[in-house]
Participant: 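Please read through the structure below; I'll follow up with questions.
Just so it is clear, the model here is predicted, and its values are computed rather than measured. In what follows, chains are A, B, ... by sequence order, proteins preceding strands, each numbered from 1.
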Number of protein chains: 2
Amino acid sequence: MKIRIKDIALKANVSTGTVDRVLHSRGDVAENTRKHVMKIVEEMGYEPNLIARTLASKKKFHMAVLIPDPEGNLYWKSPLAGMEKAHSEIAGFNAEINFYPFIIDDEISFHGEFEKLFCQKPDGIIFSPVFLDTSLKIIQICEENRIPYIFIDANIEGQNNLSYFGQNASRSGYLAARLMDYAVQTDGEILIINPSHEKEVTHHYTKREGGFISYFNGLLNTNKQLKIKSVNANTNSDSEINSVLDKCFKQNRSIKGIFITNSKIYKIARYLSNREINSVVLIGYDLLNENLSFLNNKTIDFLIGQKPEEQGYKSVLALFHYLLSGKKPEKTNFSPIDIITKDNFEFYKI
Amino acid sequence: MKIRIKDIALKANVSTGTVDRVLHSRGDVAENTRKHVMKIVEEMGYEPNLIARTLASKKKFHMAVLIPDPEGNLYWKSPLAGMEKAHSEIAGFNAEINFYPFIIDDEISFHGEFEKLFCQKPDGIIFSPVFLDTSLKIIQICEENRIPYIFIDANIEGQNNLSYFGQNASRSGYLAARLMDYAVQTDGEILIINPSHEKEVTHHYTKREGGFISYFNGLLNTNKQLKIKSVNANTNSDSEINSVLDKCFKQNRSIKGIFITNSKIYKIARYLSNREINSVVLIGYDLLNENLSFLNNKTIDFLIGQKPEEQGYKSVLALFHYLLSGKKPEKTNFSPIDIITKDNFEFYKI
DNA sequence: ATATTTACCGTGTGCGCACACGGTATTTAA
DNA sequence: TTAAATACCGTGTGCGCACACGGTAAATAT
């Protein structure tokens with residue numbers, strides 16, 4: 001039998017209105033009465049009925065989301081999809097989400113979209129703090145206006161954010177290296193390809209590379225000789241990728257594995273298919289459709305998945321629950337590091 | 001602006017009570033009126049407000065769960081935990097779950113617990129149809145009493161179950177074989193250990209073994225020579241495991257990998273540690289704590305995880321949503337096949 | 001003819017909560 | 001002293017729906 005406001009009012013010898021005022025700190029209650037009511041509330045372990053609250057309240061929960069436009073970066077389709085799924089689940093609870101997509105790599109757009117967002121005075125914000133300076137300004141504004149904010153995908157340490165949903169990038173690089181070590185069975189060279197065009201301040205790429213390298217540095221007694229080499233390339237440009245790879249394969253014919261720190265592994269796979277180079281182990285990130293077809297024909301050996309939909313999904317639910325009932329989520333939420341192969345990818349598609 | 005019953009009543013020139021009777025097929029409505037109301041309901045795209053419905057309805061949704069007692073098999077702690085999590089989320093919606101744990105491998109207990117369960121006349125049932133005969137009887141009773149039922153973990157094909165939540169066992173065995181192929185880098189023998197004591201009719205173990213073997217059968221041009229050998233052992237008995245392994249290692253000193261089709265891989269790991277046998281690749285199932293510590297010190301190379309909590313979680317939510325709003329879930333729901341290593345296991349623990 | 005059943009339908013109440021409104025004491029200002 | 005401000009609190013209404021109850025008119029029984 002759940003305790004209702006009416007039960008508390010009865011026991012405290014006050015009206016339900018007074019209990020309500022106490023519970024919502026709406027003032028107009030004598031200090032003594034307040035204490036008395038609060039005591040009984042705690043004694044009886046009152047928990048508000050969220051169903052009734054939602055029905056009675058005309059309040060809309062307005063959440064705003066500031067993330068890169070998926071048009072410019074397909075990866076962001078996934079968090080967006082997760083957010084929309086979460087929204088459909090809580091739409092009945094007067095939850096409203098507005099999306100403010102900014103142009104990736106464009107700090108001006110980032111700032112501009114935030115200004116639009118802020119005009120709507122949302123109750124809470126989810127954003128990806130990719131540009132440090134502007135993000136710190138946003139954080140300050142949120143603090144001043146007491147708007148809770150959640151980081152997604154990228155994180156800025158030491159802030160008063162409600163939560164962070166993202167990935168453990170260095171760990172995933174480390175894991176990728178272990179997989180590479182399993183998959184490459186003879187001596188040779190491992191190539192790491194880093195995207196060179198990214199302008200974001202807080203990026204995962206160097207962390208992934210760092211984790212990858214640290215695995216091989218930590219190896220002591222090995223029965224294989226593996227040399228690790230890093231190169232940079234603008235992975236948006238197919239021609240640049242091709243010329244970089246051409247150069248690498250010209251220099252060194254014993255390349256046994258390639259690890260790329262973003263989702264463009266399908267471009268490497270395409271290159272190798274075209275050049276008819278076989279038996280190179282390929283490891284990269286994210287379940288893009290382009291990647292999956294190469295995974296399926298075994299050109300790509302492993303993909304690392306970071307459950308981007310789940311990040312979007314959980315961040316929305318966390319913010320909503322906080323707004324609805326004040327429940328604070330964990331401050332740091334790493335998504336699992338999924339190892340995807342030809343044999344299990346279909347279970348991870350959304 | 002959501003359409004309410006009141007809006008429909010207004011447009012149809014009837015009272016809300018009549019609309020309600022139509023919507024709930026409660027009779028006492030003239031056929032003409034019924035058609036007229038239904039037409040307007042469809043026209044306006046009425047969707048009931050589940051919040052208000054829950055608040056107004058005194059109906060309790062009583063769900064019953066018939067699964068093996070986790071005391072007898074630690075694996076089942078996970079689905080149970082998932083179910084309890086789901087329950088805590090929907091408790092506010094008048095959802096009630098009763099658990100009927102039966103003694104694993106004991107069909108009498110299975111049957112007895114079902115009888116207890118059935119006395120309570122639940123609105124829906126989730127159960128693991130491990131014993132075929134009794135399960136078919138249960139299914140028949142459910143059909144007769146129009147009680148929806150969901151299979152979890154095990155499946156019986158061709159039934160009218162609302163849904164099935166479980167794993168793709170043969171696929172996971174196939175995947176395990178691929179991992180074994182990656183991890184074993186020289187010629188040698190691969191040992192498959194099958195539990196021999198299981199009495200359940202619908203078991204995953206042979207399917208896992210089948211998938212594992214089919215991978216190696218499908219290999220054409222290999223640079224390694226790997227021999228596959230299957231043995232049976234009662235994996236509940238440590239002494240039997242030890243003696244079986246002793247025999248295998250005596251016969252053949254070139255065992256390079258061991259795959260066990262259940263969660264008792266930690267017993268193999270313990271054996272190898274005690275005998276100080278190194279560099280044998282170990283692959284098994286499930287994130288038991290015993291397994292994780294051996295994974296962490298790299299005695300175990302890979303664990304296959306099948307998200308058992310998620311199976312429990314989703315099965316409860318699916319049944320509930322069906323009871324609440326008649327929404328049918330997918331009939332078959334395979335959980336992802338997670339590849340777990342030392343580097344990512346912490347993200348999969350619950 | 002009146003009584004009774006049947007078919008059909010409208011009204012009213014309450015689920016637990018939020019919040020507007022207005023009321024009564026008490027204090028302060030005029 | 002009377003008017004006005006303030007502090008504090010209770011009552012009433014409605015959110016959208018489910019369902020009990022009762023009512024009217026027509027059909028049937030007596």
Side-chain angles (χ1 to χ4, degrees), chain A residues 1-38 40-41 44-61 90-96 123 323-326, chain B residues 1-38 40-41 44-61 90-96 123 323-326:
Chain A
M1 184 61 192
K2 283 270 276 181
I3 304 298
R4 301 158 301 173
I5 281 188
K6 199 197 283 185
D7 300 319
I8 295 176
L10 207 69
K11 194 149 191 172
N13 271 322
V14 293
S15 72
T16 61
T18 301
V19 177
D20 184 72
R21 275 186 289 267
V22 169
L23 289 174
H24 294 83
S25 313
R26 259 198 275 277
D28 281 355
V29 180
E31 182 57 20
N32 278 340
T33 318
R34 202 190 64 78
K35 276 184 184 161
H36 180 226
V37 169
M38 273 313 289
I40 292 182
V41 164
M44 303 183 78
Y46 170 75
E47 291 285 338
N49 181 326
L50 298 183
I51 300 293
R53 165 176 296 178
T54 304
L55 186 64
S57 171
K58 307 141 203 322
K59 192 192 292 164
K60 280 239 183 278
F61 296 103
I90 59 178
F93 287 84
N94 301 329
E96 196 180 293
D123 301 307
L323 294 176
L324 180 64
S325 56
Chain B
M1 184 59 192
K2 282 271 273 180
I3 305 298
R4 301 158 301 173
I5 281 186
K6 198 195 286 184
D7 301 318
I8 295 175
L10 207 68
K11 195 148 190 172
N13 272 322
V14 293
S15 72
T16 60
T18 301
V19 178
D20 184 73
R21 274 185 290 266
V22 169
L23 289 175
H24 292 84
S25 313
R26 260 197 273 277
D28 280 355
V29 179
E31 182 57 19
N32 279 341
T33 320
R34 201 191 64 78
K35 276 183 184 160
H36 181 226
V37 169
M38 274 313 288
I40 293 184
V41 164
M44 303 184 78
Y46 169 75
E47 292 285 337
N49 181 326
L50 297 183
I51 300 293
R53 164 176 296 178
T54 304
L55 186 64
S57 171
K58 306 142 204 322
K59 191 191 293 163
K60 281 241 183 276
F61 296 103
I90 59 177
F93 287 84
N94 303 328
E96 196 181 291
D123 301 307
L323 294 176
L324 179 65
S325 55

Participant: Under 4.0 Å between a side-chain N or O of B:Tyr46 and OP1 or OP2 of D:dG16?
Facilitator: no

Participant: Would you say that A:Val22 contacts A:Val41 through its side chain, given a criterion of any heavy-atom pair below 4.5 Å between the two side chains?
Facilitator: no

Participant: What's the shortest heavy-atom distance between A:Met44 and A:Ile3, and which atoms?
Facilitator: O-CG1, 3.4 Å

Participant: Which heavy-atom pair separates B:Ile90 from B:Ala95 by the least distance, and what is that distance?
Facilitator: O-CB, 3.4 Å

Participant: Could you tell me whether the phosphate oxygens of C:dC9, OP1 or OP2, come under 4.0 Å of any side-chain nitrogen or oxygen in B:Thr18?
Facilitator: no

Participant: Can you confirm whether the side chains of B:His36 and B:Asn32 place a donor and an acceptor under 3.5 Å from each other?
Facilitator: no

Participant: Measure CD1/B:Ile5 against C1'/D:dC19 and give the value in whole Å, please.
Facilitator: 11 Å

Participant: So, do A:Lys2 and A:Asn49 sit near enough that their side-chain heavy atoms are less than 4.5 Å apart?
Facilitator: no

Participant: Expressed as a whole number of angstroms, how long is the span from A:Glu31:CD to D:dC9:C1'?
Facilitator: 16 Å

Participant: So if I take every side-chain heavy atom of A:Arg4 and compare against C:dC9, C:dG16, D:dG10, which nucleotide ends up nearest?
Facilitator: C:dG16

Participant: Atom CD1 of B:Ile51 to atom P of D:dA18: distance rounded to whole Å?
Facilitator: 13 Å

Participant: Measure from the side-chain heavy atoms of A:Ala56 and tell me the nearest of D:dA18, C:dC17, C:dA20.
Facilitator: C:dC17

Participant: What is the separation between atom CG on B:Leu50 and atom P on D:dC17, rounded to the nearest whole Å?
Facilitator: 10 Å

Participant: Would you please confirm or rule out a distance under 4.0 Å between OP1 or OP2 of D:dC17 and any side-chain N or O of B:Thr54?
Facilitator: no

Participant: Expressed as a whole number of angstroms, how long is the span from B:Asn49:CG to D:dA18:C1'?
Facilitator: 13 Å

Participant: Under 4.0 angstrom, heavy atoms only, what part of the nucleic acid is A:Asp20 near: base, sugar-phosphate, or nothing?
Facilitator: base

Participant: Both A:Lys2 and A:Lys59 contact DNA chain C. Taking the nearest nucleotide for each, which residue is further toward the 5' end?
Facilitator: A:Lys2

Participant: Report yes if some heavy atom in the side chain of B:Leu23 is under 4.5 Å from a heavy atom in the side chain of B:Tyr46; otherwise report no.
Facilitator: yes

Participant: Please pick, from C:dG10, C:dA20, D:dC17, the nucleotide with the shortest atom-to-atom distance to any side-chain atom of B:Arg53.
Facilitator: D:dC17

Participant: Within the 4.0 Å heavy-atom criterion, would you say B:Leu55 contacts the bases, only the backbone, or no part of the nucleic acid?
Facilitator: base

Participant: Here's a test of your reading of the structure: between A:Ala52 and B:Thr16, which maps to the more 5' nucleotide of DNA chain C?
Facilitator: B:Thr16

Participant: Looking at D:dC9, C:dG10, C:dG16, which one has an atom nearest to any side-chain atom of B:Val14?
Facilitator: C:dG10

Participant: Over how many whole Å does the gap from A:Asn94 atom CG to D:dG14 atom P extend?
Facilitator: 19 Å

Participant: Heavy atom of residues 22-30 of chain B under 4.0 Å from DNA chain D: which residues?
Facilitator: B:His24, B:Arg26

Participant: Take the protein atom CD of B:Glu47 and the nucleotide atom P of D:dC17, then report the distance between them rounded to whole Å.
Facilitator: 11 Å

Participant: Please report the closest heavy-atom contact between A:Phe61 and A:Phe93, naming both atoms and the distance.
Facilitator: CD1-O, 3.7 Å

